[in-house]
Amino acid sequence: MAWFDNRNRIGALLLLAFALAYLRQAFSIPLDPTASEAFTPRTLPMGLASAMIVLALVQLLLPRAGSDGLVASLRGFRWAPASGLVVLMLLYSLSFAYLGFAIASFLFLMLGFRVLGETRLVVGAAIAGGLVVFLWTLLTQAFGLYIDNGALLRWLSGSGA
C-alpha cells in the first residue's frame with residue numbers, strides 16, 4: 001500500500017498531527033481550582049481534538065479503492081482561495097487582541113465570504129453578524145466564558161487599554 005501516494009492519507013496525517021498538538025495545548029489551559037463545573041475552558045478544545053483524532057484515524061485506516069495519486073489530485077486544486085483563507089486566518093489571529101471577538105470575527109467572516117465568492121454584501125453581513133451574535137451569546141451567557149472586547153473598544157469607551 002502506498003501511504004504517501006494518496007492525498008486523503010496525507011491530509012489525514014496532517015490532521016492527526018495538528019489534532020495531537022492541539023490536544024497537548026488544550027491540557028495547558030489553566031483551570032480555576034475553586035470551580036466545580038462540568039464545562040471548563042478545556043472541555044471544548046479537548047472534545048474537538050478528540051473528534052479530529054478519531055476522524056483522522058478513520059481516514060487513515062479505511063482502505064481506498066481507485067484513488068488518484070497525489071500529484072494528479074493536486075493539479076485541479078484552487079490555490080488562490082485556499083491561500084486567501086490562510087492569510088485571513090493569520091490576520092484574524094493577529095487582530096483578535098486589538099479588535100476583540102465581535103469585530104475581528106465579523107470582519108474575518110465577511111472577508112472569508114468574499115474570498116469564497118459571495119458577492120452579496122447584505123447576505124454576507126447578515127450571516128456574519130448573526131453567527132457572531134449567536135457565538136457570543138452561547139459562549140458568554142450559556143457557558144459563562146469571558147470574551148475580551150479588544151483594546152480598540154476599551155480605548156474608545158475610555159476604560160483604558
Side-chain angles (χ1 to χ4, degrees), residues 7-60 62 77-161:
R7 70 182 173 127
N8 293 330
R9 285 212 171 91
I10 291 175
L13 282 173
L14 291 173
L15 181 65
L16 182 62
F18 175 78
L20 290 171
Y22 190 67
L23 183 63
R24 184 176 187 278
Q25 287 299 102
F27 277 107
S28 68
I29 296 173
L31 296 176
D32 183 7
T34 61
S36 62
E37 50 202 32
F39 190 86
T40 68
R42 288 185 187 173
T43 306
L44 185 61
M46 290 173 73
L48 289 173
S50 301
M52 283 191 292
I53 290 169
V54 168
L55 291 174
L57 288 174
V58 166
Q59 185 75 2
L60 272 174
L62 283 180
F77 192 68
R78 294 177 50 205
W79 289 101
S83 300
L85 285 176
V86 169
V87 169
L88 277 177
M89 284 186 267
L90 177 65
L91 292 173
Y92 176 65
S93 67
L94 293 174
S95 68
F96 199 89
Y98 182 71
L99 296 177
F101 172 78
I103 296 172
S105 298
F106 180 80
L107 290 174
F108 169 72
L109 289 170
M110 285 292 297
L111 293 171
F113 294 155
R114 287 294 283 186
V115 165
L116 293 175
E118 177 59 57
T119 57
R120 298 172 294 178
L121 186 62
V122 173
V123 171
I127 293 172
L131 186 59
V132 167
V133 168
F134 171 75
L135 288 174
W136 182 87
T137 304
L138 179 71
L139 293 172
T140 60
Q141 306 305 309
F143 296 139
L145 300 175
Y146 171 75
I147 297 179
D148 189 22
N149 292 329
L152 177 65
L153 285 178
R154 284 192 304 275
W155 179 75
L156 288 174
S157 68
S159 62

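What you see is a predicted model; the values in this text were computed from it and never measured.
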With rounding to the nearest 0.5 Å, note down the distance linking [atom1] in [X] to [atom2] in [Y].
| X | Y | atom1 | atom2 | answer |
| --- | --- | --- | --- | --- |
| L23 | F18 | CG | CZ | 11.5 Å |
| L48 | I53 | CG | CD1 | 11.0 Å |
| M89 | L85 | CE | CG | 5.5 Å |
| L57 | L13 | CG | CG | 9.5 Å |
| Y146 | F101 | OH | CZ | 13.0 Å |
| I127 | M110 | CD1 | CE | 10.0 Å |

Closer than 3.5 angstrom, by distance alone: can the side chain of S83 be matched with the main-chain N or O of A80 as a donor-acceptor pair? no
Does the side chain of L107 come within less than 4.5 Å of I103's, by heavy atoms? yes
Mind checking whether I29 and P45 have side chains closer than 4.5 Å, heavy atoms only? yes
Below 30° counts as parallel, above 60° as perpendicular, anything between as tilted: where do the rings of Y92 and F96 land? perpendicular
Working note: F108 + L91, criterion side-chain contact (heavy atoms from CB on, under 4.5 Å); need CA distance, chi angles, decisive distance, verdict. CA-CA 8 Å; F108 169 72; L91 292 173; over 6 Å; no
Over all heavy atoms of both residues, which pair between [X] and [Y] is shortest? Give the atoms and the distance, please.
| X | Y | value |
| --- | --- | --- |
| D148 | A97 | OD2-O, 4.3 Å |
| I147 | W136 | CD1-CD1, 4.2 Å |
| L15 | M52 | CD1-SD, 3.8 Å |
| V115 | P81 | CG1-O, 3.5 Å |
| R42 | F27 | NH2-O, 3.0 Å |
| G124 | F113 | O-CE1, 3.6 Å |

Is there a side-chain contact (heavy atoms from CB on, under 4.5 Å) between V86 and L90? Walk through the geometry before answering. CA-CA 6 Å; V86 169; L90 177 65; 5.8 Å; no
